Amino acid sequence: MSAEDVYNRISVLRAERGVSRKDLAAALGVHYQTIGYLERGQYSPSLFLALRIAEYFEVPVEIVFSLRPFPRLGSEVK
Amino acid sequence: MGELTPGQLEARYRDWPPRSWYATRGRRRILVGVGAGSAGLIWVSAIVCYYLAPSLTAMWTTFALTGAASVIYVVVYSALVGATRGVVGLAERHLDERQSRERQKIQANAHRGTTVTLVVLGVLLLSLAVPRGETAVQIPAAAIVMLVFGVIATHVILPTLMAGWQMSDPPPDDEDDPDDGDGRDDEDQDGRSGGAPGRSGDGQPIDGKTAT
């Protein structure tokens, strides 16, 4: 992990809420490919966009973005 | 190109140029090579003018090369506007923050490219202008005009070519792409499967690694 890696779980939240990339992009006012680049980790959003994404999903920003990899679901149950 | 909106761009580039032209990095780079070739034709016509002007041969060769360069570049430009989804071609106010940042990066690189071109050209011209012994080199006016045109064309073309060269493969579109109408993923023509990572909702973590 490099010092500037940012991890996100936008696609998990998006899948959970049944929101398409285009719907999310339209709500955020960005190009739909930008959502794809965010999900693939090829683009780090500005603080403004990160906060708007968190606001859209109605969760704190640290639920969506992290400086460390998110744990696999179920990994803490073992 | 006039004021194109993102919606118009998506509609305009749905059919032509075919996405297979720019679906993969390799194909985009071939396009960039062709575009660079079109700029090269202008430089070739400057060289032709240097050796043959003033003459009818020089004039018609220049017209033919410039015409060919223009036609080729228009086609390449169209394809690259489609490929970059507006990073090249759209007005700044229509770009989102990622596209805007990408354009700034491309323009900065292209600026460096133009600087290098100008320095090389300056050194070349100075070496020609300095008299060797008793011989002073005369440069035909037509060659100078084409040289200036070549520099301007390179300056204009370079950002588009840089965009096409540097662009990574876009993420696959949603499987249920509503404006596609053909039931296929938009970006799937290079054989990649659609479906975003984690899109199936299977609870897999998304560890999007991002280097800022």
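For clarity, every value in this text was computed on a predicted model and none was experimentally measured. Every chain is numbered from 1, with letters handed out A, B, ... down the list of sequences.
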Restricting to non-hydrogen atoms, name the atom on A:Ser44 and the atom on B:Arg101 that form the minimum distance, rounded to 0.1 Å.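 That would be O-NH1, 3.8 Å.
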
Spatial distance of atom CG (B:Asp96) from atom OH (A:Tyr43) [nearest 0.5 Å]: 7.0 Å

When only pairs under 4.5 Å are counted, which of A:Ile35, A:Val30, A:Thr34, A:Leu28 shares the most heavy-atom pairs with chain B? A:Thr34

Determine the option with the most heavy-atom pairs under 4.5 angstrom with chain B, choosing from A:Ser46, A:Gly18, A:Ser66. A:Ser46

Residues, nucleotides or ligands: over 12 heavy atoms within 6.0 Å of B:His94 NE2: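 Atom NE2 in B:His94 is packed in, count exceeds 12.
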
A quick test of your reading: do over 12 heavy atoms of other residues, nucleotides or ligands sit less than 6.0 Å from CD of A:Glu62? yes

Against chain A, label B:Glu97 side chain, backbone, both or neither, depending on which of its atoms sit under 4.5 Å from a heavy atom there.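 For B:Glu97, backbone and side chain are both near chain A.
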
Under 4.5 Å between any side-chain heavy atoms of A:Gln33 and B:Gln99, yes or no? no

Validation row: B:Arg85, A:Tyr32 side chains within 4.5 angstrom (heavy atoms):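 Side-chain contact under 4.5 Å: yes.
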
